[in-house]
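Each remark here refers to the structure printed beneath this line.
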Amino acid sequence: ARQLPVEAVSLLSEEEGEDQPAEVEAYLRSIRDETGAGGVPLAVCGHRPVIPAMQAGLDLPTTSMQTGSSVTVHVGADGEVLAVEWHRSLA
């Protein structure tokens, strides 16, 4: 509805990211830091095989997530994680 840009990142797909956990983690760290510095909210979606590396890149504990669940990570200007909200799927 807001016509926001969407960028597909193949590294976060199961086909590519599952075999490159260090790269997935580094990518999430970089966008976490950029998002904090820019102060603009960002949504990132990944698939089950890459979720642990994504969580590591956000300095989150590795935990399984139910399909359709989400996590909101609040970061400061320096990329430091300030707060985390875990949300389960309603389905």
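Every heavy atom of this structure was used, including side-chain atoms; hydrogens, water molecules and symmetry mates were not.
- Between Thr62 atom OG1 and Ile51 atom CD1 the span is 10.5 Å, to the nearest 0.5 Å.
- Within the structure, the salt bridge (charged side-chain N to carboxylate O under 4.0 Å, His left out) test picks out no pair touching residues 44-53 (sequence neighbours left out).
- Residues Val71 and Val84 have side chains in contact (heavy-atom distance under 4.5 Å, counting atoms from C-beta outward).
- Atom CZ of Arg88 and atom CE of Met65 lie 11.0 Å apart (nearest 0.5 Å).
- Judged as a side chain to side chain contact (heavy atoms under 4.5 Å, CB included), and not counting sequence neighbours, the contacts of Gln20 are Leu11, Glu16, Glu23.
- Of the inter-residue distances, the one linking Met54 atom CE with His47 atom NE2 reads 9.0 Å to the nearest 0.5 angstrom.
- Using a 4.5 Å heavy-atom cutoff, the side chains of Val81 and Arg32 are in contact.
- When all heavy atoms of Pro41 and Gly39 are compared, the closest pair comes out as CD-O, 3.8 Å.
- Between Thr72 and His87 the shortest side-chain heavy-atom distance falls below 4.5 Å.
- Judged by distance alone, the side chain of Ser30 and the main-chain N or O of Tyr27 form a donor-acceptor pair under 3.5 Å.
- Counting all heavy atoms, side chain and backbone alike, Ala53 lies closest to Pro21 at CB-O, 3.5 Å.
- The shortest non-hydrogen separation linking Ser89 to Gln66 is N-OE1, 3.9 Å.
- Atoms CD and CG, on Glu25 and Leu58 in that order, are 9.5 Å from each other to the nearest 0.5 Å.
- Side chains of Glu85 and His74: a donor-acceptor N/O pair is present below 3.5 angstrom, by distance only.
- Closest heavy-atom contact between Leu12 and Val24: CD2-CG1, 4.0 Å.
- Counting heavy atoms from C-beta outward, Val40 and Thr35 have side chains that stay 4.5 Å or more apart.
- Taking CD from Glu7 and CG from Leu42, the interatomic distance works out to 9.5 Å, rounded to the nearest 0.5 Å.
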